[in-house]
Protein chains: 2
Amino acid sequence: MAHCSSEALGPLVERHKEETADVADDRRESALPSTAYAVLGLLTMTGEVTGYELRKWAMNMRYFYWSPAQSQLYLELRRLRDRALVYERTEAQPGRPDKRYYTITDTGRRVFRDWLDHSEVGPPLLKHSVALRLFFGHQTSHSRLREVLTQYAEWARRQQQELSALKGDMLPALRYSSIVADWGVGYFAAEINAVESALASLDAMDSEVGES
Amino acid sequence: MAHCSSEALGPLVERHKEETADVADDRRESALPSTAYAVLGLLTMTGEVTGYELRKWAMNMRYFYWSPAQSQLYLELRRLRDRALVYERTEAQPGRPDKRYYTITDTGRRVFRDWLDHSEVGPPLLKHSVALRLFFGHQTSHSRLREVLTQYAEWARRQQQELSALKGDMLPALRYSSIVADWGVGYFAAEINAVESALASLDAMDSEVGES
DNA sequence: TGACTCATGTAAGCGGTTACATGATTTG
DNA sequence: CAAATCATGTAACCGCTTACATGAGTCA
């Protein structure tokens, strides 16, 4: 019952090897992680900002791209500075660390555009812990599964609302962000819908058991 | 035009701090990464397998949960063995590394069920590089955006087909997997739909420019 | 015979998180 | 006056990837 035959399995093909490698590596010094490009992209929209401010902007992207930890952002900005992709203006402060303002440099703009225009696009990375649990549903109870699913649906609804609110607050000039926001709203709608279907399937399984 | 005011931004609230921490940590030795639970879960369905075989199974979950690198899987199995959550049977082979077969232990089953039943469910992790690029659309051309989007839609369609095929091949006894598969199919449908909407938005922007 | 599958492993390094530390400024 | 915000930083650690290495069996 809880045992799988392996007939459905083909041989183990190692895919996505060269796909993930950046095609344009050869013409740049070395590839940057995607977070770096996210930061550069943000800097093309914001003007001079501190790491702290930038983090707030980064959090607006969390609906389709996770936002990195604070320490990671500061680290990334220093790396970009070392590569002269951003310019750092420091403001001395008595008795505590300098305040650092960042702007994107021309080189940074060029590198960013190059990435946008020529870099290989990989598939999205998804780690869906709710789906994972449902997948292993045979090891738990339906009541627990329902609990997990409804909790997730509530979260998705909140995200959807936040995203809609954010879109309303945004300047209409930011067209691309609003297209992405629509995408996100649709995505959450699909998730909510999927949860409802899953709950219905659980109901169906329960009543089957009742009949037999 | 490409400059944001920061009015839409609230203060930087540090959320999801205790949310990510595992509530049930205190009653176990120490928490395991989610990959470990995925492996344990797989072992509740497969019986005795080698690391190599297990990897093939793990790849069936790649539609909603990324599949780890080969080396990581072997590492994970050894860790689970060290914690006595899986049992390792070695088969000596002349002139090369032992062949290792794994089965889940009773302790492993208990730990896995405990995780399923009591652990806090975090939100899914999503890094959507296509949406990221679209978000920064003001820095590239519409033709490039269209290229990226259509490429992604093709990929999503392929995934959808693979997933449907997989579902067809699967034993009907595996109900939960098939519920998750349906979820996945719907997810890819939503993605394809979102891409089409985005393409339509780009068209609309182009014709606006033509009119003005 | 050569390509592919089966099967396991090591080493280096990176991206990222968690936790901690500090202190001025603003706000209720 | 206390709490939250602004603002930067360090150290330890972990999950995971990449790249490499090995070798037997199978099949065209």
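Each chain gets a letter, A, B and so on, in the order its sequence line appears, and its residues count up from 1. Just the heavy atoms: all of them, side chains too, but no hydrogens, waters or symmetry mates, feed the values below.
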### Query
What residues form a ring pair (Phe, Tyr, Trp, His ring centres under 6.0 Å) with Phe112(A), not counting sequence neighbours?
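For Phe112(A), the residues satisfying ring pair (Phe, Tyr, Trp, His ring centres under 6.0 Å) (neighbours in sequence not counted) are Trp115(A), Phe136(B).
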
### Query
Under the ring pair (Phe, Tyr, Trp, His ring centres under 6.0 Å) test, which residues partner Tyr87(A), sequence neighbours left out?
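Partners of Tyr87(A) by the ring pair (Phe, Tyr, Trp, His ring centres under 6.0 Å) criterion come out as none, since no residue qualifies.
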
### Under-4.0 Å side-chain N/O to phosphate OP1/OP2 contact, Trp66(B) with dC16(D)
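No, outside the criterion.
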
### Task
Please name the residue in the list Tyr65(A), Phe64(A), Tyr176(A) that meets the ring pair (Phe, Tyr, Trp, His ring centres under 6.0 Å) test with Phe135(B).
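So the option named by the test is Phe64(A).
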
#### Entry: Any residue meeting salt bridge (Lys or Arg N to Asp or Glu O under 4.0 Å) with Arg109(B), in chain and number order, not counting sequence neighbours
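By the salt bridge (Lys or Arg N to Asp or Glu O under 4.0 Å) rule, Arg109(B) matches no residue at all.
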
Could you tell me how far apart [X] ([atom1]) and [N] ([atom2]) are, to the nearest whole angstrom?
X        : N       : atom1 : atom2 : answer
Gln72(B) : dG15(C) : CD    : P     : 17 Å
Leu73(A) : dG15(C) : CG    : C1'   : 13 Å
Glu76(B) : dT17(D) : CD    : P     : 11 Å
Leu77(A) : dG16(C) : CG    : C1'   : 15 Å
Trp57(B) : dC6(C)  : CH2   : C1'   : 17 Å
Arg62(A) : dG16(C) : CZ    : C1'   : 19 Å
Leu54(B) : dA7(C)  : CG    : P     : 12 Å
Glu91(B) : dA24(D) : CD    : P     : 17 Å

### Residues in side-chain contact (heavy atoms from CB on, under 4.5 Å) contact with Pro97(B), at least two apart in sequence or another chain
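In terms of side-chain contact (heavy atoms from CB on, under 4.5 Å), with neighbours along the sequence ignored, Pro97(B) is linked to no residue.
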
### Query
Between Arg79(A) and Leu75(B), who's closer to the 5' end of DNA chain C by nearest nucleotide?
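Mapping each residue to its closest nucleotide by heavy atoms, the 5'-most match is Leu75(B).
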
### Query
Could you write nucleotides 7-13 of chain D as a row of B, S and -, 5' to 3', where a protein heavy atom under 4.0 Å of any base atom gives B, of only sugar-phosphate atoms gives S, and otherwise -?
BBBB---

### Query
Can you tell me if Arg110(A) and Thr105(A) form a side-chain donor-acceptor pair at under 3.5 Å?
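No donor-acceptor contact under 3.5 Å links the two side chains.
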
### Query
Any side-chain donor-acceptor pair under 3.5 Å between Arg55(B) and Gln70(B)?
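No donor-acceptor contact under 3.5 Å links the two side chains.
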
#### Entry: Helix axis bend for the helix from dT1(C)-dA28(D) to dG28(C)-dC1(D) - C1'-based end axes, five pairs, 10° rounding
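The helix from dT1(C)-dA28(D) to dG28(C)-dC1(D) shows an end-to-end axis angle of 50°.
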
### Thr107(B) versus Ala84(B), closest heavy-atom pair with distance
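Minimum heavy-atom contact is CB-O, 3.9 Å.
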
### Query
Does the ring center of His128(A) lie less than 6.0 Å from the ring center of Tyr63(B)?
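Between Tyr63(B) and His128(A), which both carry aromatic rings, the centre distance is not below 6.0 Å.
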
